Amino acid sequence: MSASSLPKTFEPSAVEDRVRRMWEEGGHFGASAAAVKGGGEPYVIVIPPPNVTSVLHMGHGLNNTIQDVLIRWQRMRGKVALWVPGTDHAGIATQNIVERQLARTGRTRHDLERRDFERLVWKHVEATGDRIIGQLKAIGCSCDWDRTRFTLDPGLSRAVREMFVRLYEDGLVYRGEYIINWCPRCLTALSNEEAEGAEAEGSLWRLRYPLAAGHDRAAHRSRAAGAQTVGTLADGRWCITVSTTRPETMLGDTGVAVHPDDPRYAPLVGTEVELPLAGRTIPIVADGHVSPDFGTGMVKVTPAHDPNDFEIAGRAGLDVVNVLTETGAMNANAPEAFRGVDRFVARRLVLDALRAEGLLAGTDPHVHAVPRCYRCDTVVEPRLSEQWFVRMQPLAEAALEGAREGAVAFSPDRWTKVYARWMEGIRDWCISRQLWWGHRIPVWYCRDCKGAMACRENPEACELCGGGALEQDPDVLDTWFSSWLWPFSVFGWPDDSPDLRAFYPGHVLSTAPEILFFWVARMIMAGYRAMGEAPFARVYLHGTVRDARGRKMSKSLGNGVDPLEVVALYGADALRFTLLAGAGVGADIRLDHEDLEATFAPGRNFVNKLWNTGRFAVMSVGDDPIPPLADVRSDLALEDRWILSRLQRAIRRVDCELDAFRMQGAAEALRDFVRGDFADWYLESVKDRLRPDGYRRAAARSVLAHVLGSSCRLLHPLVPFVTEELWTVLPRAETAEAGEGRPLVAARWPTPDPDSVDAEAEAEFGRFKELIGLVRGLRKEYGVGEGGRVVIHLVGGASGFANLRGGLLERLARISSLESTAAPPGEAGASAVLSDGTELFIPLTGVVDVAREVDRARGEIERIENLLEGIEAKLANSKFLTRAPAAVVEREREKLASCKLQLTKWKRKLTSLGGGE
RNA sequence: GGGCGCUUAGCUCAGUUGGUCCAGAGCGCCUGCCUUACAAGCAGGAGGUCGGCGGUUCGAAUCCGUCAGCGCCCA
């Protein structure tokens, strides 16, 4: 390709589609079980399946970029790298979208047959399901797209059924009454995740319950023990005080609880109170879960409408009275005055009634979390209902042990503790949902014998009585019940398939910490249960994407950054690089949605820089074949040896950073290398050598091509498009190492080459860089512009630059000539001292002000003297000498020598300027 | 109420087992350059008592304690 055809700036939109098509058509993302069977080493990631109807957001962008980096890296390292994509049917989320559409025509799902509604949802899924997959492709994800799975696929549905039935047969699935989150609008149970708590200002009401007759002595003793909230009513009856944020639920109270060790209330335990309005008598019980410090230390117990109270009731043997209907109105268990009244209206009525009876002790403002349905924003009601559960304790044991012994390692490490704590206190999992969209619970009830059975295949007749009057349970399973099988259901489980053998267990799971419990922990449990081992060895939990003010990006706040908009504006590589460079291990990442330009400049600028290094190579290397590096080894110039040595460091560092999920570190290492070492120093150094008659031209061309090619390979996992495009246009030596003719996606990862490490070259080129920096600094200081050529003198010779070829220094420092002199010339000029003591002098008659030079010299002397003072104090400290490692002491001695040398030079300089004392 | 995390340059963040990346990077800012790869660039520069206090140590941004502010999770 000719140079003129390469645009000055990288144009992602012109490149991305073409490159992506080439990757896909070349089948480079595919991985086969046969390749593993043939001896290939697998590396497997299964994608956290996005909701099938969802639109790509920045959290997806970050997480999938991370996974793609890992997969591309391992693929280039020669692994059979498999990244399995797919989507989740997302029960309630998807159902609600379709229900909203129905609502526009004034209907609810109940106006349709269940089957027709399901068909409607499928239609919606088929229309939108590809969208998120296409969006993943747009940011460069290299999944094996032929393996795209959906949690409602027949195969995965079979896995769901199999798992359910196995657990049922093992007695780990049971049906029971339990408090669950209930949406009175959606009319379904909700998982905890689906009931999002939002802080709200509410009230905490204090209610008085009269003590039942005959307990006056207990009340007296309680008062004597310090119970100030035990008092008397206007009619002389004793009463207690309880607090609540939901007064209407008091109609369902069946007890009052206190802490067993609370001395104030100990006398009252075993007594009873009259429940106002309801006309029932309820007991006072002791329970360890009551907090003596909260409120009055006495809590009303409403088992049917509060999960904690339900547990207390279970322990204390209290009755359970449900006072609400499924739509959130008071039911027949409530006194007649309240029946059929909505819960919030009932709240006012109850308060009014209590106030009228003098039983409302007071109200305090109270901020608390009010859980709302994440789909319709209705306030969720804890509700007692019959649901299906999985007994989790037996599943948790192996999963817990796995994390303890390191079979599953979390990164950042702190999540291990969070995981373990949750596992230790694990609760049973409510898996039934009163929805129509999802895996229907594979349980059938017999109308004849009233038996129930869980079946892998739809049954024809009752297993127990042979009757044919069967009815399937109407509920569907929680979405996560299919998700937790994902790492093996995608490979054909329960069949012992070749894929399953080749690709289970996987290696890394990357996801957001929010779903550590809902998904990650459950996958680990399912993995041990079904497969006997954990589904992955390492879990990476990335941070949250936030806006400039630190708020989580969300649709409702409108503070999101659309990854696809960024791709359209700046390219997928710019998006990826910016995210990676900004993402510390597990750290949150902030993006300013109001200034995309500034936010994504780091990525875009770097990608463009990389593009232009490639463009330079194309333009300057010429058409002759590039000799392999091995052929020019004996002919390398100092800068060649230097950059090859620096490349070694870069390779090692990138491997190390990626292995630890330090994306930011890898990005930084590569930016430092490509921009700092390669572009700014190496390219500038070899420009003259690339001319037809250039010095050691062959070596320069070979090294340039090698380093640029290696840079592309190292950067490919991070910025796949620009590197792939460069790879096709770059002049390269045809070597087996890079994989001749192959696209970059299938090229080999650079391997460290110990022979290229060259400490001497690094030291020498380092001195050279220091010298140039000093010259540039002095020129700037004295306003000798870029155009003005100067002469520089190295006092005491240029011994440190023996291997520097002629002309390089002159060109990079823009000097007309370099003189070696025994002593500083007598004329006016500017001075500097290198760290090895070499003195630099630039004659600048008429430009340099002697007074200014004197000031500079004095400043330097003071700076070095301060430094020296510190070093000398250290070296005079016998404890430092005896306790610090020898290498550290040695380093201090070297610093001391260097400082002393520089100090001598500066003092002499000062004297010669007439400023000495 | 219990647990966890964060606080380093104007902004966003690095800083691995304490000592050569030890005070850094990117963006922004200032100065000078359209030097035939790149102005999305190059060169030079300003800017931080590493949240406060106390401790451990020969030595602390780094380890310990404590206080303050911010955030998250569980209940």
Side-chain angles (χ1 to χ4, degrees), chain A residues 3 6-10 192 197 289 291-294 307-308 369 412 414-415 417-418 421-422 425 513-514 516-517 543-544 546 548 550-552 570-571 574 577-578 581-592 595 597-621 649 653 656-657 660 662 664-665 667-669 671-672 675-676 679-680 683-684 687 690 772-781 783-787 811-814 870 873-885 887-892 894-895:
Chain A
L6 294 185
K8 266 173 88 166
T9 52
F10 179 61
N192 291 336
H289 276 68
S291 166
D293 304 324
F294 184 77
N308 291 323
R414 69 185 123 92
W415 292 107
K417 257 190 293 179
V418 179
R421 201 164 296 140
W422 185 75
E514 292 101 271
L516 176 62
F517 304 145
T544 307
R546 302 179 176 281
R551 301 174 304 178
K552 216 168 171 169
Y570 312 115
F577 194 85
T578 302
V585 179
D588 289 352
I589 179 164
R590 286 185 184 219
L591 303 174
D592 187 350
D595 192 350
E597 166 90 17
T599 303
F600 293 94
R604 183 195 57 171
N605 294 358
F606 178 67
V607 166
N608 193 237
K609 182 73 186 178
L610 180 65
W611 173 253
N612 275 290
T613 59
R615 205 168 142 249
F616 170 79
V618 171
M619 289 168 68
S620 55
V621 157
R649 290 182 194 283
R653 181 155 167 221
C656 171
E657 302 282 9
R662 288 194 295 261
Q664 190 176 47
E668 186 189 305
R671 182 165 51 197
D672 286 354
R675 175 174 288 189
D680 291 347
L683 289 188
E684 294 304 327
K687 273 180 175 172
L690 296 168
I772 292 194
L774 287 172
V775 174
R776 286 171 175 168
L778 287 179
R779 297 174 70 115
K780 190 81 176 179
E781 171 136 14
V784 183
E786 311 278 317
R811 206 160 53 74
L812 290 194
R814 299 189 153 261
K874 259 190 193 177
L875 289 172
N877 185 338
S878 63
K879 282 182 177 171
F880 173 72
L881 296 177
T882 52
R883 296 191 194 181
V888 173
V889 176
E890 183 52 32
R891 233 175 270 133
E892 290 299 316
E894 282 168 16
K895 262 200 269 180

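Chain letters run A, B, ... following the sequence lines, proteins first, then strands; residues in each count from 1. What you see is a predicted model, and the numbers here were worked out from it, not measured in a lab.
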Tell me which nucleotide among B:rG71, B:rA75, B:rU12 gets nearest to the side chain of A:Arg546. B:rG71
How would you label the contact of A:Lys895 with the nucleic acid (heavy atoms, under 4.0 Å): base, sugar-phosphate, or nothing? nothing
Once you apply a heavy-atom cut-off of 4.0 Å, does A:Leu591 come out as touching a base, just sugar-phosphate, or nothing? nothing
Could you please name the option among B:rC42, B:rA14, B:rG26 that lies closest to any side-chain atom of A:Ala587? B:rA14
Describe the nucleic acid contact of A:Val418 in one word from base, sugar-phosphate, nothing, applying a heavy-atom distance below 4.0 Å. nothing
Closest approach to the side chain of A:Lys609, judged atom by atom: which nucleotide of B:rC42, B:rG19, B:rA25 is it? B:rC42
What's A:Pro412 touching, base or sugar-phosphate or nothing? Going by heavy atoms closer than 4.0 Å. nothing
For the base of B:rC38, is there a side-chain donor-acceptor partner from A:Lys8 under 3.5 Å away? no
Which part of the nucleic acid does A:Glu684 contact within heavy-atom distance under 4.0 Å: base, sugar-phosphate only, or nothing? base
What contact category does A:Arg604 fall into here, base, sugar-phosphate, or nothing, at under 4.0 angstrom with non-hydrogen atoms? base
Closest to side chain of A:Arg421, choosing from B:rA75, B:rG3, B:rC27: B:rG3
Give A:Gly582 one of three labels, base, sugar-phosphate or nothing, depending on what nucleic acid heavy atoms sit under 4.0 Å from its own. nothing
Closest to side chain of A:Glu668, choosing from B:rA14, B:rG19, B:rC38: B:rA14
Does any donor-acceptor pair link the side chain of A:Lys780 with the base of B:rU31 at a separation under 3.5 Å? yes
Length of the CG-P vector between A:Leu881 and B:rG59, whole Å: 13 Å
Give one of base, sugar-phosphate or nothing for A:Asn877, where a contact means two heavy atoms less than 4.0 Å apart. sugar-phosphate
A:Arg776 near the nucleic acid: base, sugar-phosphate alone, or nothing, with a heavy-atom cut-off under 4.0 Å? sugar-phosphate
Can you tell which of B:rA37, B:rC4, B:rC38 lies closest to the side chain of A:Lys417? B:rC4
Among B:rA37, B:rA25, B:rC73, the one nearest A:Arg671 by side-chain distance: B:rA25
